[in-house]
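Input: a single structure, listed below in structure tokens.
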There are 2 protein chains.
Amino acid sequence: MSIPSDLRSRKRLATREGISNVATRLFAERGFDHVTVDEIAIAADVGRKTVFNYFPRKEDMVFDRDEEGREVLREALRQRDAKVAPIEMLRLLAHRLIAEQSPYVDFSSRSEGFIETIQASETLKARARAIRAELAQVVTVALAECGGRDPDDPDAHLAAGLLLATWTVAFIEAHRAFRRGRDTEEAKAAFLAIIDKATIGLKAAMAGTPYV
Amino acid sequence: MSIPSDLRSRKRLATREGISNVATRLFAERGFDHVTVDEIAIAADVGRKTVFNYFPRKEDMVFDRDEEGREVLREALRQRDAKVAPIEMLRLLAHRLIAEQSPYVDFSSRSEGFIETIQASETLKARARAIRAELAQVVTVALAECGGRDPDDPDAHLAAGLLLATWTVAFIEAHRAFRRGRDTEEAKAAFLAIIDKATIGLKAAMAGTPYV
DNA sequence: CACATAATTACACTGAATATCAATATATAC
DNA sequence: GTATATATTGATATTCAGTGTAATTATGTG
């Protein structure tokens, strides 16, 4: 997380930031699908290849923290106290992310534009679904490990699927709540309310497995 | 479903079938991503534009029954007896589809190749996720209607998300069961076992809503 | 047969993504 | 400080999916 001292690395970061900022602005202004990579390269004053150098796919200019997100999930389940069941652990994670003002659960005017940009583009929605699928895979593996089972345990798959569906709905609903009341606190409350309520249900659904 | 008598319509169907068959064969032989639309057009002896005429996207040559699938879900929930809760209705639908040998729940050597082709291609997996998202949307709207609520009712979204996750896991698990034992009946039993078990959990999770 | 309509195709174009290779900037060894 | 190695960049060309347009061919109808 620290800024590298050597010139090469700093230049790299600056170039990356420059492209990212230009792209973000253009996407917000005109929509993801109506901005070409050529335009981004020109606006950022770099070569077209340089853009693809930093962001292998155009979508990566929007979602550039997905590995970080997966790591948050892995860590939460790895550092779990043995007394706390995995499903409960993820509920606690939701509360912690909210308490820590994590950017993953930011429901504000700023994030609203981000969400709008995504919703307006089939390509970005597809990428969001792919990221969810990767998250589900991470949760599946982590759960199976917690429960001492195979990484293809059906119960782990089911639990992960139900959990991801829950978080997704909570996330969407929190953003909707913010749009209605323009109140971040209200949105956070909505997020946690859905997580908490659904967790009770999920515990019932997964009773008899090592995950609850 | 009946074959049209006029020459034009028959030719249309034949052309479509021809393209579809050629494409299916090529995809199975060499993988979706290693077959170009040009090759399909040449092999099917039609113009490139004709291919796109029948299948707007390359993926549509693989998934050409998704609207049909959505309609099955809509119909099941629409023709529901008022005494049967929506979530229970979908459990019954699963049993009916299995009993009727519906192609949607075919776990055999034939469908195995189909699944392999999809799993081998990021593009096709993305399309499968998009179709799931569309199904979730259909279920959300149908549930909300059943429960006399808004189409953006959080409970409906949550229930639909949980249901789709359940069906997806059941589907994947049934295919895995077939791969293990090469027994269609065993795979069908695995499918229904997951649906039945998860339904109990989902009823607990959605208690207090109009959907259970 | 003549006319209208639908289907097919050729052609040209856009835009994402990849590959190659030369030019340039930076780091490291001496 | 100079030389060499390496990383970064950029110019150029190519592949492939997908779209638009207009011309051509096939089919249905009076």
Side-chain angles (χ1 to χ4, degrees), chain A residues 3-20 22-23 26-27 29-64 117-118 120-128 130, chain B residues 3-20 22-24 26-27 30-64 117-118 120-128 130:
Chain A
I3 294 167
S5 53
D6 60 299
L7 182 57
R8 189 173 280 171
S9 299
R10 267 186 289 122
K11 274 211 169 180
R12 260 187 76 83
L13 271 185
T15 307
R16 189 189 161 90
E17 274 295 296
I19 295 169
S20 179
V22 163
L26 290 177
F27 292 157
E29 280 171 15
R30 291 156 41 199
F32 183 81
D33 298 308
H34 299 108
V35 178
T36 69
V37 176
D38 272 305
E39 288 173 319
I40 295 166
I42 291 167
D45 199 32
V46 296
R48 172 195 173 66
K49 183 68 205 291
T50 304
V51 175
F52 280 114
N53 222 24
Y54 287 96
F55 305 96
R57 278 164 311 193
K58 197 184 166 193
E59 299 96 287
D60 295 335
M61 292 181 239
V62 177
F63 301 108
D64 61 342
T117 303
I118 295 166
S121 158
E122 265 320 305
T123 308
L124 288 180
K125 286 197 282 182
R127 184 74 197 120
Chain B
I3 295 169
S5 53
D6 60 299
L7 181 58
R8 193 172 278 173
S9 299
R10 266 186 290 123
K11 275 211 168 181
R12 260 187 76 84
L13 270 186
T15 306
R16 189 190 163 90
E17 275 293 297
I19 295 169
S20 178
V22 162
T24 302
L26 290 177
F27 292 157
R30 292 159 38 202
F32 182 81
D33 299 308
H34 299 109
V35 178
T36 68
V37 176
D38 272 304
E39 288 174 319
I40 295 166
I42 290 167
D45 199 32
V46 297
R48 170 195 167 67
K49 192 70 211 288
T50 304
V51 175
F52 281 113
N53 225 19
Y54 286 97
F55 304 96
R57 277 163 312 192
K58 196 182 166 194
E59 300 96 286
D60 295 336
M61 292 181 241
V62 177
F63 300 108
D64 61 342
T117 303
I118 295 165
S121 159
E122 263 322 302
T123 309
L124 288 180
K125 286 197 282 181
R127 184 74 197 120

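Just so it is clear: chains get the letters A, B, ... in the order the sequence lines come, proteins before strands, and each one is counted from 1.
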Legend entry - Nearest atoms (heavy-atom pairs only) where Asp64(A) meets Asp60(A): CB-O, 3.4 Å
Inset, instruction - With heavy atoms under 4.0 Å as the rule, sort Arg48(A) into base, sugar-phosphate or nothing. - result: base
Legend entry - Separation of dT19(D) C1' from Asp33(A) CG (nearest whole Å): 14 Å
Legend entry - Nucleotide of dA7(C), dA17(D), dG10(D) approaching Val46(A) most closely (side-chain heavy atoms): dG10(D)
Legend entry - Closest non-hydrogen atom pair between Met61(A) and Ala23(A), with its separation: SD-CB, 3.6 Å
Legend entry - Any Thr15(B) side-chain nitrogen or oxygen under 4.0 Å from OP1 or OP2 of dA7(C): no
Legend entry - N/O (side chain, Lys11(A)) to phosphate O (OP1/OP2, dA25(C)) under 4.0 Å: no
Legend entry - Atom-pair distance (CZ on Arg127(B); P on dA17(D)), nearest Å: 17 Å
Inset, instruction - Round to a whole Å and report the spacing from CG of Asp38(A) to P of dC13(C). - result: 17 Å
Inset, instruction - Please report the closest heavy-atom contact between Val35(B) and Lys58(B), naming both atoms and the distance. - result: O-NZ, 2.7 Å
Inset, instruction - Return the value, rounded to whole Å, for the distance between atom CZ of Arg10(B) and atom P of dA7(C). - result: 14 Å
Legend entry - Distance-minimising heavy-atom pair for Val22(B) and Ile40(B): CG1-O, 4.0 Å
Inset, instruction - Identify the two heavy atoms, one from Leu124(B) and one from Phe63(B), that lie closest to each other, and give their separation to 0.1 Å. - result: O-CE1, 3.7 Å
Legend entry - Heavy atoms from other residues, nucleotides or ligands near CG of Asp45(A) exceed 12 (cutoff 6.0 Å): no
Inset, instruction - Find the distance Ile40(B):CD1 to dG18(D):P and express it as a whole number of Å. - result: 10 Å
Inset, instruction - Find which nucleotide of DNA chain C each of Asp45(B) and Thr36(A) is nearest to by heavy atoms, and output the residue with the more 5' nucleotide. - result: Asp45(B)
Legend entry - Interface residues of residues 49-63 of chain B with DNA chain C (non-hydrogen, below 4.0 angstrom): Lys49(B), Thr50(B), Asn53(B), Tyr54(B)
Inset, instruction - Work out which heavy atom in Phe52(A) is nearest to a heavy atom in Pro56(A); give both atom names and the distance. - result: CD2-O, 3.4 Å
Legend entry - Length of the line joining Glu39(A):CD and dT14(C):C1', which is rounded to integer Å: 12 Å
Inset, instruction - Mind calculating the distance between NE2 (His34(B)) and P (dT15(D)) to the nearest angstrom? - result: 16 Å
Inset, instruction - Whole angstrom is fine here: how far is it from CD in Glu122(A) over to P in dA17(D)? - result: 20 Å
